[in-house]
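Working notes, beginning with the structure itself.
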Amino acid sequence: MPTIGKLRLADSLQGVPFITSRELKVLQASSLETVEDVLMRVPRRYEDRRSTKPITALINGETVSLMVHVYSAGWRFSYKRYFEVSAGAEGDPYGARIYLRWFNMPYVAKLLAMGMNLSVYGKVKEYAGKLTISNPDFEILEDEDVGHRLVAVAMGGVAESVKESADADLIHTARIVPIYRGISGMTTRSFRALVWRLLQELSPDTPQPGYDVAPAYPFREALQDIHFPASPEASHKARMRFALAECFRQQFTVAWKRRRTQGRAGQITATNDGYLKELLASLPFQLTQAQARCVAEIRADMERPQQMNRLLQGDVGSGKTLVALCAMLLAVESGKTAAMIAPTQILAEQHYNNFRRLLKNMDVRLSLRTSERADDSDIIPETAGYGDASPRIIVGTHALLYKKNRPINLGLAVIDEQHKFGVAQREKFINTGDNPDVLVMTATPIPRTLTLTLYGDLDVSIIDELPSNRGEIITALRTPAQMTKIITFMRSELDGGRQIYIVSPLIEESETRQQAAAITELEKWRGVFPDVNIGLLHGRLSAEEKDAVMAEFRSANTKILIATTVVEVGVDVPNATIMMINDADAFGLSQLHQLRGRIGRGQYKSYCILLTSAKQGEPGRDKLEVLCRTLNGFEIAEEDFRLRGPGDVLGTAQSGLAAVRFAEWLSDIRLIHRANRDAAAILDADPELLHPRHAPLRELIQFEEEQGIVG
């Protein structure tokens with residue numbers, strides 16, 4: 001059993017004597033098994049309860065901290081039974097009063113008695129002419145043990161001395177008080193008291209778990225400051241210390257992976273550019289300067305005998321897929337197979353069909369592989385079987401990960417919307433070939449700090465301009481009350497030969513979510529436009545059904561497409577000029593930007609209508625106003641990141657950021673650069689991490705290699 005001041009971070013909570021069996025079960029149910037688990041559950045915010053006010057200065061509705069003397073205490077009855085304390089300034093028995101009331105908390109009656117001094121925190125309300133605070137936080141203030149003896153008598157036992165009490169120091173009031181995320185079965189107050197007690201009994205020489213990036217600021221001191229800071233500056237300093245440690249761990253694994261992949265032997269996959277020149281000559285437009293720059297950067301990598309690892313990042317509609325096709329043609333002409341993997345059936349088939357259109361007059365073989373469809377009707381009629389080693393372009397979904405579909409003689413692996421794939425899936429696809437060149441693409445603009453964080457091991461090419469042949473997009477907020485005007489506008493666009501998307505967050509109505517459902521919307525809009533062919537697209541349809549719906553929409557037989565977010569990525573219909581998004585405030589900013597990118601694909605002026613009931617000043621409304629102000633996906637990504645954090649923006653499971661506790665570093669370029677410099681300095685001095693001080697880093701790399709995160 002641990003003794004006073006000897007607790008270690010790794011100690012099991014089961015061996016901590018002051019944790020009851022009931023508390024232990026509650027903590028374990030929240031995956032808190034060790035002292036470290038509890039102490040690293042840091043506050044989500046703080047309340048400054050230091051300043052006090054006299055009762056005569058209190059204002060109805062304000063939240064205050066008070067030091068008061070108990071003049072009377074007892075049970076009261078109104079519409080329900082409650083325990084009430086009448087309190088005022090000590091030494092002023094006939095002065096102003098504040099009435100403290102506790103509902104459904106009978107144990108309070110055993111703790112409080114006339115004559116005690118209290119520190120109290122809560123919200124003041126005027127009730128029947130009296131200033132009251134309901135269920136306030138409180139602590140007993142006694143210089144001597146008289147108050148505790150009163151408590152002991154009330155509870156039928158002997159009180160411990162004040163100095164021996166875990167609550168001898170104020171932890172719930174009269175200080176900067178930590179507020180924690182809730183634990184089912186345990187109050188915030190009880191958890192706060194537990195953290196306080198664990199800190200008091202934690203060994204004073206407790207080291208930083210893992211590699212210590214800030215030895216000048218001891219880890220044990222930082223723990224105290226982050227839970228019970230003496231000032232706001234102390235809590236900020238502690239959070240930044242923990243943020244730096246977390247940032248360093250991530251940056252070190254990125255730096256390790258980059259050094260292992262840079263210079264890795266690969267294949268020369270760009271030896272001739274005949275196909276590339278033929279493609280560019282056949283286009284009715286020129287590449288933008290940004291596209292041409294990215295093609296040149298990729299080609300330079302492919303001409304070297306080292307493996308390429310490059311990220312191609314660009315906004316919606318910037319022309320990433322065409323850049324990728326240029327790279328794939330270089331690989332094919334060099335005698336290699338080039339394969340592109342996409343996250344959805346719709347997107348894979350769209351890429352395949354676009355490639356067929358662009359390459360229709362060229363001597364290039366093309367194949368499609370998805371779980372529900374295989375197409376070997378290559379452009380060259382005398383195509384050999386799929387499994388041969390002849391160079392070709394292959395487009396597919398996750399089906400390419402299975403042995404029967406895995407490309408042979410793979411020279412270039414292209415991963416589209418790469419964050420939609422898990423780490424293991426990406427690695428499995430890349431490992432299909434003999435160190436093939438790797439090009440990963442994303443149409444989700446990512447804040448600069450996250451690019452450094454997630455893709456620090458990759459070279460980055462950015463397409464930062466849109467093709468000049470794209471139509472203007474107008475984005476506007478509208479409410480359901482304006483639906484008549486919206487319908488009139490839709491009719492004018494339909495009469496002009498254009499098409500419309502109507503997007504809803506749900507497939508069908510839900511009892512728990514009061515939002516528009518696509519199936520319900522279908523019937524509604526068929527009633528509005530009975531003369532118009534209206535289609536329905538959602539994720540529960542089979543691949544064949546989705547193909548048929550999209551074919552009808554692309555051919556303009558369907559004029560209005562009711563859909564869910566299945567149209568978010570890749571659907572390309574240049575004739576569609578209106579997108580109305582129902583309950584737009586239910587979506588993230590970046591997702592809305594992706595959806596908006598489905599219009600404005602052709603030469604026509606297009607309109608994105610964000611339908612919302614959110615009121616002015618509400619968070620949902622503010623978010624949508626950002627979208628109306630700008631079409632710049634990178635600006636939108638920064639704002640989305642600020643509002644929602646990295647996990648929701650990128651998808652925590654796929655981004656690898658699910659365990660981030662201190663998100664400060666994800667938006668602080670200085671911390672990232674410092675962590676990157678520290679990591680580089682260590683690897684320059686000790687590339688194999690042989691120094692004893694670097695043992696925690698060896699353990700980190702070994703663990704993450706076992707998890708498939710680095711290799």
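Heavy-atom minimum distance, Arg41 versus His227: O-CE1, 3.7 Å. The two residues Trp196 and Arg175 come nearest to each other via the heavy atoms CZ3-NH1, 4.0 Å. The minimum heavy-atom distance between Gly88 and Ile55, with the atom names listed, is CA-CD1, 3.5 Å. When all heavy atoms of Pro106 and Trp75 are compared, the pair lying nearest together is CA-CH2, 3.8 Å. Nearest heavy atom pair, residue Ala222 against residue Ala238, reads O-CB, 3.6 Å. A pairwise comparison of heavy atoms in Ile486 and Leu611 identifies CD1-CD1, 3.9 Å as the closest pair.
Within 6.0 Å of CZ on Arg621 lie more than 12 heavy atoms contributed by other residues, nucleotides or ligands. Annotation: Tyr127, atom OH; neighbour count of heavy atoms from other residues, nucleotides and ligands within 6.0 Å does not exceed 12. Under a cut-off of 6.0 angstrom, the local environment of CZ in Arg181 is sparse, with at most 12 non-hydrogen atoms contributed by other residues, nucleotides or ligands. Shown here is Glu33, whose CD atom has more than 12 heavy atoms of other residues, nucleotides or ligands within 6.0 Å. Few gaps surround CZ on Arg44; more than 12 heavy atoms of other groups in view lie less than 6.0 Å from it. Summarising the local packing, NZ of Lys524 is surrounded by more than 12 heavy atoms from other residues, nucleotides or ligands at distances under 6.0 Å.
Looking only at distances, no side-chain donor or acceptor of Arg101 sits under 3.5 Å from a matching main-chain atom of Phe83. Without hydrogens or angle criteria, Arg220 side chain to Leu199 main chain gives a donor-acceptor distance under 3.5 Å. In terms of modelled atom types and a separation under 3.5 Å, the side chain of Thr132 and the main chain of Glu126 share no donor-acceptor contact. A donor-acceptor contact shorter than 3.5 Å links the side chain of Asp92 to the backbone of Gly95. Judged purely by atom type and a 3.5 angstrom limit, Glu246 has no side-chain atom pairing as donor or acceptor with the backbone of Ala243. Judged by distance alone, the side chain of Arg478 and the main-chain N or O of Met580 form no donor-acceptor pair under 3.5 Å. In this structure, the side chain of Lys623 engages the main chain of Phe587 through a donor-acceptor pair within 3.5 Å. Using a distance-only test at 3.5 Å, with no hydrogens or angles considered, a donor-acceptor pair links the side chain of Arg192 to the main chain of Pro178.
The CD atom of Glu521 sits 4.0 Å away from atom OG of Ser504, with the distance rounded to the nearest 0.5 Å. Here CZ of Arg677 is found 12.0 Å from CD1 of Ile672. Values are rounded to the nearest 0.5 Å. Rounding to the nearest 0.5 Å gives a distance of 11.0 Å between CD1 of Ile98 and OG1 of Thr56. To the nearest 0.5 Å, atoms OG (Ser231) and CG (Asp225) are separated by 8.0 Å. The CZ atom of Arg197 sits 13.5 Å away from the CG atom of Leu202 when rounded to the nearest 0.5 Å. Rounded to the nearest 0.5 Å, atoms CG (Leu592) and SG (Cys608) are 7.5 Å apart.
Here the side chains of Leu477 and Thr612 are in contact, with some heavy-atom distance below 4.5 Å. You'll find the side chain of Phe219 reaches within 4.5 Å of the side chain of Pro209, heavy atoms only. Counting only heavy atoms from C-beta outward, the side chains of Tyr121 and Leu66 never approach each other to under 4.5 Å. Residues Lys80 and Asn104 form a side-chain contact, since some pair of their non-hydrogen atoms from C-beta on lies under 4.5 Å apart. Residues Leu27 and Phe191 have side chains in contact (heavy-atom distance under 4.5 Å, counting atoms from C-beta outward). Side-chain contact between Arg596 and Leu631 is present, with at least one heavy-atom pair separated by less than 4.5 Å. The shortest side-chain heavy-atom distance between Phe248 and Arg674 does not fall under the 4.5 Å cut-off. With contacts defined as side-chain heavy-atom distances shorter than 4.5 Å, the pair Lys6/Glu201 does not qualify.
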- Task: Could you give me the CA-CA distance, side-chain angles and deciding distance for Leu697 and Phe252, then say whether side-chain contact (heavy atoms from CB on, under 4.5 Å) is met?
- Result: CA-CA 8 Å; Leu697 297 176; Phe252 188 83; 3.8 Å; yes

- Message: Walk me through whether Lys237 and Tyr217 qualify under side-chain contact (heavy atoms from CB on, under 4.5 Å).
- Response: CA-CA 10 Å; Lys237 179 183 176 183; Tyr217 184 10; 3.5 Å; yes

- Could you walk me through whether Leu627 and Leu589 pass the side-chain contact (heavy atoms from CB on, under 4.5 Å) check? CA-CA 7 Å; Leu627 206 69; Leu589 263 177; 3.9 Å; yes

- Item | Worked verdict on Glu625 versus Arg629 for salt bridge (Lys or Arg N to Asp or Glu O under 4.0 Å) | CA-CA 6 Å; Glu625 287 172 350; Arg629 288 198 301 268; 5.1 Å; no

- Should Asp585 and Lys615 be marked as a salt bridge (Lys or Arg N to Asp or Glu O under 4.0 Å) after you check the CA-CA gap, both sets of side-chain angles, and the distance that decides it? CA-CA 11 Å; Asp585 51 290; Lys615 302 295 189 295; over 6 Å; no

- Task: I would like to know whether Arg8 and Asp205 meet salt bridge (Lys or Arg N to Asp or Glu O under 4.0 Å); could you show each step before the answer?
- Result: CA-CA 9 Å; Arg8 300 287 178 178; Asp205 60 349; 3.3 Å; yes

- Query: Given Leu610 and Cys628, is the side-chain contact (heavy atoms from CB on, under 4.5 Å) satisfied, shown in steps?
  - Reply: CA-CA 9 Å; Leu610 305 174; Cys628 293; 4.2 Å; yes

- Message: Pair Glu36, Thr34 - check side chain to side chain donor-acceptor pair (under 3.5 Å), show working.
- Response: CA-CA 5 Å; Glu36 181 179 1; Thr34 66; 5.1 Å; no

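Annotation: salt bridge (charged side-chain N to carboxylate O under 4.0 Å, His left out) contacts of Glu62 (sequence neighbours excluded): Lys53.
Among residues at least two apart or in separate chains, ring pair (Phe, Tyr, Trp, His ring centres under 6.0 Å) pairs with a member in residues 31-71 are His69-Tyr71. Residues in residues 88-111 take part in these ring pair (Phe, Tyr, Trp, His ring centres under 6.0 Å) pairs, two or more places apart or across chains: Tyr82-Phe103, Trp102-Phe138.
With Val35 as the fixed residue, the side chain to side chain contact (heavy atoms under 4.5 Å, CB included) test singles out one of Asp37, Leu39, Leu32: Leu39.
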